[in-house]
Chemist: 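One structure, pasted below without further comment.
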There are 2 protein chains.
Amino acid sequence: MKEYLQSFHLLTEDEIDTFLSKAEVYNLERGEYFIREGAISNTVAFVESGILRSFYVTPEGDEMTYCISFQNSFMTAYSSYISGLPTVENIQAITPVRLLLLQKKDIEQISETSTNGLRFAKLMAENEYMELERRVFSYQRESARERYENLLLTRPEFIEQIPLKYLASYLGITPRHLSRLRAEMI
Amino acid sequence: MKEYLQSFHLLTEDEIDTFLSKAEVYNLERGEYFIREGAISNTVAFVESGILRSFYVTPEGDEMTYCISFQNSFMTAYSSYISGLPTVENIQAITPVRLLLLQKKDIEQISETSTNGLRFAKLMAENEYMELERRVFSYQRESARERYENLLLTRPEFIEQIPLKYLASYLGITPRHLSRLRAEMI
DNA sequence: TTAATTAATGGACATTTGTCTTTTCTGCTC
DNA sequence: GAGCAGAAAAGACAAATGTCCATTAATTAA
């Protein structure tokens with residue numbers, strides 16, 4: 001996490017150490033949950049190793065994969081973290097996972113004492129915004145096949161490491177259709 | 001704009017007045033542009049009256065409406081504003097529009113002198129994130145008809161006031177299909 | 001290692017959505 | 001009020017995607 005935080009060139013060494021001093025190690029087995037629907041998200045996880053996926057359940061009972069986090073990234077049910085309202089997301093380990101947990105109260109406390117902490121929180125929100133914008137663009141204008149092809153180009157690790165049934169809902173299509181697209185692309 | 005800023009209960013009266021003192025009135029006729037593709041976004045517009053739409057052009061030459069802003073909301077090519085990179089968005093007045101413009105350098109200067117300014121910037125980023133999350137959810141799991149029905153419920157002013165050809169691309173469908181959905185819904 | 005379970009594939013068909021084009025409607029200008 | 005231009009609607013057909021189900025492949029558990 002230290003290297004990751006340094007890569008933004010925003011926080012000082014001391015500020016980074018303060019974050020690290022608050023972090024707790026937390027391990028999950030494959031299939032275990034980091035947060036479940038209905039809870040209020042007040043923890044941010046840094047993924048040291050393994051893969052997490054976030055999904056929500058539709059009224060019809062289908063699981064929709066919203067987000068997938070690999071090594072060296074942050075993961076939380078962000079809109080619940082922001083708003084303090086119960087989340088609709090479930091965040092689950094799809095491999096054994098080693099996390100470093102940061103509590104919201106600690107993050108907020110650092111943000112109150114250090115302007116840089118606040119700047120960093122703003123930067124995170126902005127980065128998340130830009131990532132979602134790319135997704136909106138791709139849903140708006142691309143066919144399912146194009147979305148799959150772009151994922152193959154930009155995030156090959158998704159296709160290599162994530163079960164296809166999760167990828168299908170991430171792309172907004174059915175597993176049947178994803179299987180068909182893959183067959184057509186050989 | 002003053003009332004709008006007050007509604008967040010975050011900025012002090014003085015801070016709000018500082019923002020207002022930097023704002024410039026700017027009027028656009030129907031069809032005129034606030035920003036064009038390729039420019040770097042360093043201005044935020046508060047819409048005092050009228051309607052703006054943001055669109056980008058696909059490689060095939062189709063205009064895709066990304067975002068629509070009514071009275072009493074902020075509008076900018078946000079990811080370019082954040083990143084400092086050229087935008088892909090065009091922001092156009094679709095009615096005569098009265099704007100209050102805030103320059104990025106002024107906003108940043110206020111954020112440097114006032115922690116509340118920075119908090120406000122963070123809040124804006126978070127709100128934009130949450131709005132996009134809702135859109136991603138809706139593209140992921142809803143059919144075109146459901147997206148249209150939800151828009152009808154949650155943002156009836158969109159259907160009432162926005163040309164359908166713009167709404168179609170906002171929903172990620174063709175005008176032909178939107179017309180069909182509307183015909184089927186009577 | 002084998003059995004059991006889950007994931008992925010694929011066939012057959014239905015539904016949704018897109019393409020291309022024409023027609024109708026609406027608002028505007030002269 | 002006639003004529004024009006752009007927007008919306010709609011017909012006919014094609015392509016994309018979904019549903020339901022059966023089969024095969026891969027994983028997991030005993």
Side-chain angles (χ1 to χ4, degrees), chain A residues 28-32 50-51 53 55 57-65 68 90 92-97 137-152 156-186, chain B residues 29-32 51 53 55 57-65 68 92-96 138-152 156 158-186:
Chain A
L28 288 175
E29 290 307 310
R30 181 187 137 94
E32 289 186 324
I51 307 176
R53 79 158 177 139
F55 68 92
V57 180
T58 67
E60 294 76 35
D62 298 319
E63 292 184 0
M64 303 296 293
T65 296
I68 293 173
N90 300 271
Q92 185 184 36
I94 63 179
T95 67
V97 156
F137 284 0
S138 100
Y139 288 122
Q140 249 188 322
R141 72 165 183 239
E142 290 170 6
S143 67
R145 144 173 276 118
E146 289 168 321
R147 293 201 296 280
Y148 177 73
E149 285 171 351
N150 282 338
L151 197 64
L152 198 55
E157 70 276 22
F158 272 56
I159 282 97
E160 287 152 14
Q161 299 183 45
I162 309 296
L164 295 173
K165 60 176 179 163
Y166 298 158
L167 275 189
S169 64
Y170 180 83
L171 292 168
I173 61 179
T174 58
R176 174 69 189 91
H177 192 49
L178 179 54
S179 164
R180 181 161 37 206
L181 294 174
R182 287 162 56 82
E184 286 165 3
M185 280 177 62
I186 296 167
Chain B
E29 290 307 311
R30 182 186 136 97
E32 288 185 325
I51 307 177
R53 81 158 176 136
F55 68 92
V57 180
T58 68
E60 294 76 36
D62 297 319
E63 291 185 0
M64 303 295 295
T65 296
I68 293 172
Q92 185 185 35
I94 62 179
T95 68
S138 100
Y139 287 122
Q140 247 189 323
R141 72 165 183 239
E142 290 169 6
S143 66
R145 144 172 277 119
E146 289 169 322
R147 293 201 294 280
Y148 178 74
E149 285 170 350
N150 282 337
L151 197 65
L152 199 55
F158 272 55
I159 282 97
E160 287 151 14
Q161 299 183 44
I162 309 296
L164 294 174
K165 61 179 177 161
Y166 298 158
L167 274 190
S169 64
Y170 180 83
L171 291 168
I173 61 179
T174 59
R176 173 68 188 93
H177 192 50
L178 179 54
S179 164
R180 183 160 36 205
L181 294 174
R182 287 163 55 83
E184 287 165 4
M185 280 176 62
I186 295 167

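Just so it is clear: chains get the letters A, B, ... in the order the sequence lines come, proteins before strands, and each one is counted from 1.
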Chemist: As an exercise, state the distance from NE2 of A/His177 to CD of A/Glu184, rounded to the nearest 0.5 Å.
Modeler: 7.5 Å

Chemist: Distances under 3.5 Å between protein N/O atoms and the N/O atoms of nucleotides 16-22 of chain D, please, pair by pair.
Modeler:
unit_1: D/dT17; atom_1: OP1; unit_2: A/Ala144; atom_2: N; d: 3.0
unit_1: D/dT17; atom_1: OP2; unit_2: A/His177; atom_2: NE2; d: 3.0
unit_1: D/dT17; atom_1: O5'; unit_2: A/His177; atom_2: NE2; d: 3.2
unit_1: D/dG18; atom_1: OP2; unit_2: A/Thr174; atom_2: N; d: 3.2
unit_1: D/dG18; atom_1: OP2; unit_2: A/Thr174; atom_2: OG1; d: 3.2
unit_1: D/dG18; atom_1: N7; unit_2: A/Arg180; atom_2: NH2; d: 2.8
unit_1: D/dG18; atom_1: O6; unit_2: A/Arg180; atom_2: NH1; d: 2.9

Chemist: Atom CG of A/Leu164 and atom P of D/dT27: how far apart are they, to the nearest Å?
Modeler: 11 Å

Chemist: Find the distance A/Met185:CE to C/dA8:P and express it as a whole number of Å.
Modeler: 17 Å

Chemist: Do B/Gln92 side-chain atoms and B/Gly31 backbone N/O form a donor-acceptor pair below 3.5 Å?
Modeler: yes

Chemist: How many whole angstroms separate atom OH of A/Tyr139 from atom C1' of C/dT17?
Modeler: 18 Å

Chemist: Can you check the B/Ile94 CD1 to D/dA7 P distance for me, whole Å?
Modeler: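 One finds 12 Å between P of D/dA7 and CD1 of B/Ile94, rounded.
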
Chemist: If I take atom CE in residue B/Met64 and atom C1' in nucleotide C/dG18, what distance separates them, rounded to the nearest angstrom?
Modeler: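 Atom CE in B/Met64 sits about 13 Å away from atom C1' in C/dG18.
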
Chemist: Check whether any side-chain heavy atom of B/Met64 lies under 4.5 Å from a side-chain heavy atom of A/Phe137, and answer yes or no.
Modeler: no

Chemist: Give me the ring orientation class for A/Tyr170 and A/Phe158: parallel if the planes are under 30° apart, tilted from 30 to 60°, perpendicular past 60°.
Modeler: tilted

Chemist: Give the rounded distance in Å between these two atoms: CD of B/Glu146 and C1' of C/dT15.
Modeler: 13 Å

Chemist: Please give, in whole Å, the distance from C/dT6 P to A/Arg30 CZ?
Modeler: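 In whole Å, C/dT6 P and A/Arg30 CZ are 11 Å from each other.
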
Chemist: Take the protein atom CD of B/Glu160 and the nucleotide atom P of D/dA7, then report the distance between them rounded to whole Å.
Modeler: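 These atoms are roughly 20 Å apart.
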
Chemist: Do the side chain of B/Glu32 and the main chain of B/Ala93 share a donor and acceptor less than 3.5 angstrom apart?
Modeler: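 No; zero donor-acceptor contacts below 3.5 Å.
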
Chemist: If you measure from CG on B/Leu152 to CD on B/Glu160, what distance do you get to the nearest 0.5 Å?
Modeler: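 Answer for the CG-CD pair, B/Leu152 versus B/Glu160, is 8.0 Å.
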
